[in-house]
Asks: 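A single structure is presented below for examination.
Counting from 1, the numbers follow the sequence of the chain as shown. Predicted model, so just to flag it, every value in this text is computed and none were measured.
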Amino acid sequence: SMEITEKKQREKELLTLVRLASDIRVSSSDLEIVQHIKENISEAINIQCMGVTFYDSISQEFSIAGLSGVWKDIPPEKFLKWTKNTNDRVLESGLPHLGDFSSSNAQPLLKAFSPEIQSFICIPLIAQESKVGTFWLGKTSRFLDREIQMIIAISDMGANALHRLQSQEKLEANFLETVLALAKTIEMRDTQTGDHTNRVSEWAMETIRILGGTEEQIKNIRWGGLLHDIGKIAVPDHILLKAGQLTEEEWEIMKTHAE
């Protein structure tokens, strides 16, 4: 009956959302998240083409994160040029844009690459008021209301996952800059060691790679290498820079830099 069919469809959609949540939770890169979004939406809805763009808030430019289906052969720079007006509009308004190629500004160009596509939708990817990008989908038929609701739900999950990842990467980048600045401060005081901090970090990372360490282990070793002499900041100059042999008391103070 229609009720049973509708129930099965809802169960399928719920399963898709649960699976997507599980997939993106363990994703370690933005492209991996995008791939999970595309795979899960293809399971739930009969889509003929998809495209994902990333938005850079500094340059205010878009970049392609992936094109698939009948759009996969479109050169990325052309897709971005043809869809720019729509991308700008949906990110500014925060509202999806649903249309067919007869009413789209990009109609003559996108239509040439995908003549069988009848309708498309562009979803803004926004998380915590941060503009992440846009999500494009095309079909050979009209989008149903329940399909649009599903697409929006998946897009919201994807946008939040991408935003969290980007925020984490920014924090790590800022932390790395701080660590490097501290390491440089130490080396400026202790000129005899030269580029010692970076050398230790690089050697340690290469050793872990040879031993088959994971990316997480390599990253942790890198931090350890960069920070291993950070305690020298607290060692007085008359001890740190002493040309002759350290006294027993001075040596005890020097050894505290590793604590």
Asks: Salt-bridged, K219 to E216, with N to O below 4.0 Å?
Replies: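 A salt bridge links K219 with E216.
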Asks: Is any side-chain heavy atom of H97 less than 4.5 Å from a side-chain heavy atom of I121?
Replies: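 When only atoms from C-beta onward are counted, I121 and H97 do not touch, as no gap falls below 4.5 Å.
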Asks: Measure the spacing between CE of M157 and NE2 of H36 and express it to the nearest 0.5 Å.
Replies: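 M157 CE to H36 NE2: 11.5 Å, rounded to 0.5 Å.
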Asks: Which atom pair, heavy atoms only, marks the closest approach of I123 to P96?
Replies: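 Scanning both residues, the minimum pair turns out to be CD1-CB, 3.6 Å.
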Asks: Should V52 and V90 be regarded as members of a common hydrophobic cluster, given that ILVMFWY residues are connected when their side-chain heavy atoms come within less than 4.5 Å of each other, either directly or indirectly?
Replies: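 As far as the 4.5 Å side-chain criterion goes, V90 and V52 are not connected within one cluster.
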Asks: Measure across A127 and A159 and return the closest heavy-atom pair with its distance rounded to 0.1 Å.
Replies: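 Heavy atoms of A127 and A159 come nearest at CB-O, 3.6 Å.
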Asks: Using every non-hydrogen atom in the two residues, find where S141 and S119 come nearest and quote the distance to one decimal.
Replies: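 Closest approach of S141 to S119: O-OG, 2.6 Å.
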Asks: Counting C-beta onward and ignoring hydrogens, is there a side-chain heavy-atom pair between F62 and T83 closer than 4.5 Å?
Replies: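 No. Closest side-chain heavy atoms not under 4.5 Å.
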Asks: Which value, rounded to the nearest 0.5 Å, describes the distance between N87 atom CG and E61 atom CD?
Replies: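 CD of E61 is found 11.0 Å from CG of N87.
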Asks: Side chains of T207 and I221: closer than 4.5 Å at any heavy-atom pair?
Replies: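 No, too far: nothing below the 4.5 Å cut-off.
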Asks: For the residue pair L91 and L125, what are the closest heavy atoms and their distance?
Replies: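 Heavy atoms of L91 and L125 come nearest at CD2-O, 4.0 Å.
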Asks: Are the side chain of T214 and the backbone of Q217 linked by a donor-acceptor contact shorter than 3.5 Å?
Replies: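 Such a contact is found between T214 side chain and Q217 backbone.
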Asks: Could you walk me through whether R209 and E206 pass the salt bridge (charged side-chain N to carboxylate O under 4.0 Å, His left out) check?
Replies: CA-CA 5 Å; R209 287 193 187 97; E206 187 60 28; 3.4 Å; yes
Asks: Are L98 and M50 connected in the hydrophobic side-chain network, where two residues link if heavy atoms are under 4.5 Å apart?
Replies: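 Yes, L98 and M50 fall within the same hydrophobic cluster.
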Asks: Once you round to the nearest 0.5 Å, how far does CD1 of I37 lie from OG of S42?
Replies: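 Here the interatomic distance stands at 11.5 Å.
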Asks: Any idea which heavy atoms bring F135 and S155 closest together, and the distance?
Replies: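 Closest heavy-atom pair between F135 and S155: CD2-OG, 3.2 Å.
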Asks: Is the closest side-chain heavy-atom distance between F143 and I47 below 4.5 Å?
Replies: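 The answer is yes; the side chains approach within 4.5 Å.
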Asks: In terms of hydrophobic clustering (I, L, V, M, F, W, Y; side-chain heavy atoms under 4.5 Å; direct or indirect links), are L144 and M150 co-clustered?
Replies: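 No; tracing contacts between hydrophobic side chains, which count when under 4.5 Å, never links both residues.
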Asks: I would like to know whether M205 and I208 meet side chain to side chain contact (heavy atoms under 4.5 Å, CB included); could you show each step before the answer?
Replies: CA-CA 5 Å; M205 288 167 62; I208 291 296; 5.9 Å; no
Asks: Please report the interatomic distance NZ(K38) to CD1(I154), rounded to the nearest 0.5 Å.
Replies: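 Rounded to the nearest 0.5 Å, the NZ-CD1 separation comes out at 13.5 Å.
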Asks: With rounding to the nearest 0.5 Å, note down the distance linking CG in L67 to CG in L80.
Replies: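 Between L67 CG and L80 CG, I get 8.0 Å after rounding to 0.5 Å.
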Asks: Flag yes if more than 12 heavy atoms outside E77 fall under 6.0 Å of its CD atom; otherwise flag no.
Replies: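 Yes - once you tally the heavy atoms of other residues, nucleotides and ligands closer than 6.0 Å, there are more than 12.
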Asks: Quick one: are I64 and T53 in side-chain contact, heavy atoms under 4.5 Å?
Replies: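 I64 reaches T53 side chain to side chain.
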Asks: Counting only N and O atoms by type, is there a donor-acceptor contact under 3.5 Å from the side chain of T140 to the main-chain atoms of E116?
Replies: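 Answer holds: no.
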Asks: Under a 4.5 Å cut-off applied to non-hydrogen side-chain atoms, are I117 and C49 in contact?
Replies: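 Result yes, sub-4.5 Å side-chain heavy-atom pair found.
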Asks: Which distance, rounded to the nearest 0.5 Å, do you find between the OG1 of T134 and the CD1 of I126?
Replies: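 If I round to the nearest 0.5 Å, the distance is 10.5 Å.
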Asks: Specify whether F120 and W136 have parallel, tilted or perpendicular ring planes, treating 30° as the upper limit for parallel and 60° as the lower limit for perpendicular.
Replies: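 F120 and W136: parallel rings.
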